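Contents: one structure, followed by commentary.
Just so you know, these numbers use all the heavy atoms, side chains as well, and skip hydrogens, waters and symmetry mates. Treat the numbers as computed from the prediction; the structure is a model and nothing was measured.
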Amino acid sequence: MRFLRRCGLGCLKIKVHVETCPHHKGDLRLDIHFEHRVLLDIKISDIADSLAKGQYGTRESKEVAIEGRVQFDLFQAMQRDYKLSSYSLNSVSAHFLAEQKEDVHHSIISDLQNGNAETRRRLAVYCLKSHKYKTTEANMMRSSLQHFNSERWQIWNTNDMNTNGSSLDGYWDAYLPQRLLDKLMYIYNYVEMARVTGVPISFLLSRGQSIKVLSQLLRKAKQKNLVIPNAKQAGSEQGTYEGATVLEAKAGFYEKPIATLDFASLYPSIMMAYNLCYCTLVTPEDVRKLNLPPECVNKTPSGEIFVKSNLQKGILPEILEELLTARRRAKADLKEAKDPLEKAVLDGRQLALKISANSVYGFTGATVAQLPCLEISSSVTSYGRQMIEHTKKLVEDRFTTVGGYEHNAEVVYGDTDSVMVQFGVPTVEAAMSLGREAAEYISGTFIKPIKLEFEKVYYPYLLISKKRYAGLLWTNSNKFDKMDTKGIETVRRDNCLLVKNLVTECLHKILIDQDIPGAVQFVKSTISDLLMNRMDLSLLVITKGLTKTGDDYEVKAAHVELAERMRKRDAATAPNVGDRVPYVIIKAAKGAKAYEKSEDPIYVLENNIPIDPQYYLENQISKPLLRIFEPILKNASKELLHGSHTRSISISTPSNSGIMKFAKKQLSCIGCKALISNTDRTVCSHCKGREAELYCKTVDNVSELEMLFGKLWTQCQDCQGSLHQDVLCTSRDCPIFYRRKKAQKDMAEAKLQLDRWKF
DNA sequence: AGCTCAGACGTTTAAACGTCATTGC
DNA sequence: CTGCACGAAACAAGCAATGACGTTTAAACGTCTGAGCT
């Protein structure tokens, strides 16, 4: 708890996740030590199952509350704050720390523990990830305990574990989370967030957004001596209301700068401008009874009536005002900050305030929450819809040739609080000045504090459809800031890496290098590699989240079916609800559904099952590519997907498939691949004279593959922290793992070829 | 008896629709 | 004190949009069969 104390927190809690064995439920006890004292012992049966549902997905976890400890489960924090393809400690560490740990599945742990001294020793090495280990039974116990705890990798104070003076400074499963915690400045940001919203830190992980808003509301209400009704409004089962407008996207490749005009914090500023709140909402009867003059009320586009702030200032606008002022202050501080660490902390602070401000609107529209008020939320969105249409009209009416400008402005797209305008001017600089002019002009037509800001220019700009676009982002006219992509495969997690890399690379070549032939060439060579089976398996792994249990799905989906099959194969290693399921598509009978062709990548590697390159070409690569190339290249489909590079394919047949049981294996010539009789063994009559050359080639091939495998093996040994042990790691997230397995297989095959020379 | 052709019936293809995962704002 | 049945309490930001894929429905197509004609 060293880091917690450092932060000056009075209340400390620890959260422990324990995998329980059904036979020992009840008599297994867990002691929590701290500075030589037993703080607490818990019966495992006291540990509660908790089921977290909501926007962060459904996930089961076990927890036990211990007074005096702050619980901070990094696993949960990670899932909330970052969108990753995998949340294993391994892959997260690789992502943020560029460091990995060996990934031994917990189902192997008991085998290692129950084996002999050597296997237990092996387990200890894994657990400690350190050369300094002792093979005493006590350490073993602690090692396995450590592992069980780390299955959901919470912070475990390394100091607590070390208080008996041992030199076990490398509890890796604890060390990595702590490194992550420091690197991502979780404590600092979460303390900040807790202060701003007025909730305990544990709420930030265990509960949702609405508790934060409620907490602020309660705080404010107390100041004003108001009470908040406890009862949920009856009959609020009407569900949804109309949301924001998304302007029609005029898809295409724009080679002129596109200026982006954004409303600053649209929904919060609407609520402030029109004084929308629970306590300012009045009915038409109220207006009549109280004899409210019309100049004291606002009627929203959705028909609701709110009194103006001179009569009664709303609580929500007040909260928002505070949040936004604080955010502005945080942003100003951020600008002054020089030190990268300080910068990151201040950025986290302003982000927290922004999120808080935005969820106030969401809180009023949540029909299942404590205090729904659809009058407010639908008023907010109706104002928003009106404003974006108004903005579009104003831009297109004012910036015209008739009005004295060089070109007619055109709004090509807009979503909720932004419009993308093509002013027609050729340079970024000119677009920027027009953008600034437009923002200022249009802001003047709205009530304070609603403000339209000019933020950035996209040039060039590739608009694919609503919520899908890419472009180079410019905030100053000298140099573009970065390539920005929204909604397309580069930012989505449900595609394989191959698609992601390919699309990213193509966009890079098209937008930055402006090298369209280069992009085409790259696509062609990638497709050729794929069809020739030269693709690394890790690039072909698709992951999708398992959001509910198998029975609750109404239609069959690849990842769901695979999870079911894996459960039947081995329930221990199968993915659970909330996990992301990695899979690859394998060859199967023609016309087979995708869910019949999905398979666990590790299973594929171990059983030498051929993947289906055609599927990847037709169902993964082709459509995303065409969407990008279509606006740029005519005949894109013909050029990219049906060229000569698609001709040569490598056909792999599964050795264990049904039909192959009836086929007789026949040798082929090592030189020219012609079929030869089994008596010849090595080469056909044509290649007879080249035997020496061919033999050398085979030997070279074997030694090359041996070197590659050796290199990968060493790398994995390095990662597990010992060069004297077998590599046990089976991480589905590690590209080295796939390459190592493949190299091993290739090497074995090459050796078989070599053996044929021995008569 | 042999041929033709409408209609029944089975199979393939296409379109419409719904579910699911994911992202944008 | 423990186990069981039962009821109460607690919990959950929003909507818009795309695209992949499975399922259902409709349409097109092909084959077969038996009535009717020559």
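When distances are taken from the side chain of E554(A) to each of dA12(C), dC20(B), dC21(C), the shortest belongs to dC20(B). The K467(A) side chain lies nearest to dA16(C) when the options are dC25(B), dA16(C), dA13(C). The side chain of Y615(A) lies closest to dC21(C) when the candidates are dC21(C), dG24(B), dA21(B). In the set dG19(C), dA21(B), dC25(B), dG19(C) carries the atom at the smallest distance from any side-chain atom of R468(A). With dT23(B), dC20(B), dT18(C) as the candidates, the nucleotide lying closest to the side chain of K83(A) is dT23(B).
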*For F96(A) and Y82(A), what are the C-alpha separation, side-chain angles and deciding distance, and is it a ring pair (Phe, Tyr, Trp, His ring centres under 6.0 Å)?*
CA-CA 11 Å; F96(A) 290 109; Y82(A) 297 94; 4.8 Å; yes

_Trace of the ring pair (Phe, Tyr, Trp, His ring centres under 6.0 Å) decision for H559(A) with Y595(A)_ = CA-CA 7 Å; H559(A) 62 297; Y595(A) 63 80; over 10 Å; no

*Given the rule in the ring pair (Phe, Tyr, Trp, His ring centres under 6.0 Å) test, do Y459(A) and Y254(A) qualify, once you have shown the distances and angles that lead to the verdict?*
CA-CA 8 Å; Y459(A) 170 64; Y254(A) 295 91; over 10 Å; no

*Working for ring pair (Phe, Tyr, Trp, His ring centres under 6.0 Å), residues Y274(A) and Y383(A)*: CA-CA 9 Å; Y274(A) 296 100; Y383(A) 273 123; 3.7 Å; yes

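For dG14(C), neither phosphate oxygen OP1 nor OP2 lies less than 4.0 angstrom from any side-chain nitrogen or oxygen of S377(A). Side-chain nitrogen and oxygen atoms of R580(A) include at least one within less than 4.0 Å of the OP1 or OP2 phosphate oxygen of dT22(B). Residue Y413(A) places no side-chain N or O under 4.0 Å from the OP1 or OP2 atom of dA17(C). Checking the phosphate oxygens (OP1, OP2) of dC20(B), a side-chain nitrogen or oxygen of K548(A) falls inside 4.0 Å. The side chain of Y241(A) places no N or O atom within less than 4.0 Å of a non-bridging phosphate oxygen (OP1 or OP2) of dA16(C). The shortest distance between the side-chain N/O atoms of T416(A) and the OP1/OP2 oxygens of dC25(B) is not below 4.0 Å. Residue K556(A) places none of its side-chain N or O atoms closer than 4.0 Å to OP1 or OP2 of dT19(B). When the side-chain nitrogen and oxygen atoms of R493(A) are compared with OP1 and OP2 of dT23(B), one or more of them lie within a distance under 4.0 Å. Close to dA17(C), at under 4.0 Å from its OP1 or OP2, lies a side-chain N or O of K466(A).
Within 4.0 Å (heavy atoms only), S465(A) reaches sugar-phosphate atoms of the nucleic acid but no base atom. In this structure, A557(A) reaches neither bases nor backbone, as no heavy-atom distance under 4.0 Å exists between it and the strands shown. G362(A) comes within 4.0 angstrom of a base, heavy atoms only. V560(A) comes within 4.0 angstrom of nothing in the nucleic acid, heavy atoms only. At the heavy-atom level, K486(A) lies under 4.0 Å from the strands shown only through sugar-phosphate atoms.
Taking a pair to require two hydrogen-bonding distances under 3.5 Å in either a Watson-Crick or a G-U wobble arrangement, dC17(B) pairs with dG22(C).
Nearest heavy-atom pair, V491(A) versus K486(A), reported as atom, atom and distance to 0.1 Å: CG2-C, 4.3 Å.
Taking atom CZ of residue R492(A) and atom P of nucleotide dC20(B), one finds them 16 Å apart after rounding to whole Å.
Salt bridge absent: K556(A) and E596(A) never bring a charged side-chain N and a carboxylate O closer than 4.0 Å.
Not a single donor-acceptor pair under 3.5 Å links the side chain of Y413(A) to the backbone N or O of Y469(A).
Of the residues in residues 263-273 of chain A, none has a non-hydrogen atom less than 4.0 angstrom from any atom of DNA chain B. Within residues 619-629 of chain A, the residues having any heavy atom closer than 4.0 Å to DNA chain C are, in order of number, N619(A), K623(A), R627(A).
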